[in-house]
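Report on the following structure.
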Protein chains: 2
Amino acid sequence: MQKRTDHEAALRRSGLKSTKHRTAILDILEQSDQPMAAEQVYLELGDQKIGVSLSTVYRVLESLLDKNLVTKLSMSISGDNRAYFEYNRKSHRHYLVCLGCKKIKAIEHCPLKNYEEALEREMNYTIEGHKLDIYGYCPACQEHEK
Amino acid sequence: MQKRTDHEAALRRSGLKSTKHRTAILDILEQSDQPMAAEQVYLELGDQKIGVSLSTVYRVLESLLDKNLVTKLSMSISGDNRAYFEYNRKSHRHYLVCLGCKKIKAIEHCPLKNYEEALEREMNYTIEGHKLDIYGYCPACQEHEK
DNA sequence: ATGCAAATGCGAACCATTCGCATCAGAGGA
DNA sequence: TCCTCTGATGCGAATGGTTCGCATTTGCAT
C-alpha cells in the first residue's frame, strides 16, 4: 500500500488540489480488494467520521477518473445499474466474477498480448487495451449448489 | 438472417407469447450490426410505424433477455449510462470498440479456451464464460488523427 | 497573510429504467 | 368460431443512480 503522502503527490502531479476527501477516497479504494460503488465509498467515509456529501463523492470519483488515478468498471455486477470504481494500480488486471456470490477477484496473468498484435495486423486497428471479465462459480458457491 | 416464423417459433419455445412487438424487436436486433439501446429500438419501431410504448420495449427486452434470445452488453459505450442489447446469435462473440467513433465490431475468434481451462484448475473455479472487449482506433479514426 | 480558482454541501434536476393498474390480445378449449 | 383466462401492453407516475446550480469554503500560489 502506498503512503498517504504519495496520494497527495499524485493529486498534485495531476493538477488536482489535495484535499482530505480526495486522499481519503484514494485510501479507501486502494485498500479495498473489491471495486466499490460511489455509495459504498460514501458510507465508508461516514464510518471513518469523514463528513462528505454524496455529490462530492461522485465529483471526486469523476476527477480521479479523468486523471486515471482510478478506473471505472464496465461490468454490471449483481445486475444493479451502479458504476463501480477501483484504485488504478497501473498493472494490467482482469476479473474473475463469481456468478453465485458476486465476489470479484482480480487475476494477474494476461493471455492476450500476442492476440492483440495479431488483431492489429488483421483488422488495421490500433489496439489500446482491453477488458476481460471471466464468469464462473467460486469454490464456496460450488459447495452450496450441492 | 432468420425468417420471421423462426422468431415466432423461438418465442413459443421459450414460453413467450408471439406478438408483433416481440417479433419486430427480434427482427430489428437481428438485422442491426450494432448493439442497440432500448430507446434506439423504440425509435426504429416508430420508423416502421409500429406503435409501441417505451416501457413495453423495456419489458420485451427484459423477457427476451430472460429467455436468452438477446444479450445485454456490460460495457459502457460512449460513456453514457444506457444498457445495450443485441440479438443472441449463440456464437461466441467479442467486441472491438473504436475509441474514436465508438463503433463496435464483433470479432469471431476466441483466444481464451485454453486459458479458461488453466484458470479452472489453478483457481478451483467453475468457469461459465467470459466477456472480452478490446479497445482501439479503427482505420478511419487513425486517419482523422493526423 | 491575501486573493483567486478550485472544491464542497445541499437540494433540485435529470434520465434511464421500473412499476401499478387498467385494458387488450394470444392461445387453447368448448 | 367463440370464450375465457393468463399474459402482454399503454400510460403515467415512481424510482434510483448520477449530475447540476449556486452559494460557501478551502487549497495554494503570490
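Each chain gets a letter, A, B and so on, in the order its sequence line appears, and its residues count up from 1.
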If you restrict it to nitrogen or oxygen atoms, what contacts under 3.5 Å exist between nucleotides 26-29 of chain C and the protein, and what is each distance?
{"from": "C:dA27", "atom 1": "OP1", "to": "B:Arg12", "atom 2": "NE", "distance (Å)": "3.1"}
{"from": "C:dA27", "atom 1": "OP1", "to": "B:Ser18", "atom 2": "N", "distance (Å)": "3.2"}

Can you find a donor-acceptor pair, distance only, under 3.5 Å between B:Arg59 side chain and C:dG20 base? yes
How many whole angstroms separate atom [atom1] of [X] from atom [atom2] of [N]?
| X | N | atom1 | atom2 | value |
| --- | --- | --- | --- | --- |
| B:Glu8 | D:dA8 | CD | C1' | 16 Å |
| B:Leu61 | C:dT17 | CG | C1' | 11 Å |
| A:Tyr42 | D:dT19 | OH | C1' | 16 Å |
| B:Ile50 | D:dG10 | CD1 | P | 11 Å |
| A:Ile25 | C:dT8 | CD1 | P | 8 Å |

Is it the case that one hydrophobic cluster holds both B:Leu119 and A:Tyr95, taking links as side-chain heavy atoms less than 4.5 Å apart, direct or via other members? no
Counting just side-chain N and O atoms, does B:His21 come under 4.0 Å of either OP1 or OP2 of C:dA25? no
Closer than 4.0 Å, any side-chain N/O of A:Tyr58 to the OP1 or OP2 of D:dT19? no
Output for pair (B:Thr126 OG1, B:Glu116 CD), nearest 0.5 Å, gives 11.5 Å
Could you walk me through whether B:Gln48 and B:Glu44 pass the side chain to side chain donor-acceptor pair (under 3.5 Å) test, one step at a time? CA-CA 6 Å; B:Gln48 296 184 12; B:Glu44 177 62 30; 3.0 Å; yes
By the 4.0 Å heavy-atom rule, please label A:Ala37 as base, sugar-phosphate, or nothing. nothing
Please classify the nucleic acid contact of B:Arg22 as base, sugar-phosphate, or nothing, using heavy-atom distances under 4.0 Å. sugar-phosphate
Candidates C:dC10, C:dT17, D:dG17 - which lies nearest the side chain of A:Ser53: C:dC10
4.5 Å side-chain heavy-atom contact, A:Gln142 and A:Tyr137: yes
Does the separation of the ring centres of A:His130 and A:His94 fall below 6.0 angstrom? yes
As a test of understanding, state which of B:Ile25, B:Leu26, B:Asn88 forms a side-chain contact (heavy atoms from CB on, under 4.5 Å) with B:Leu69. B:Leu26
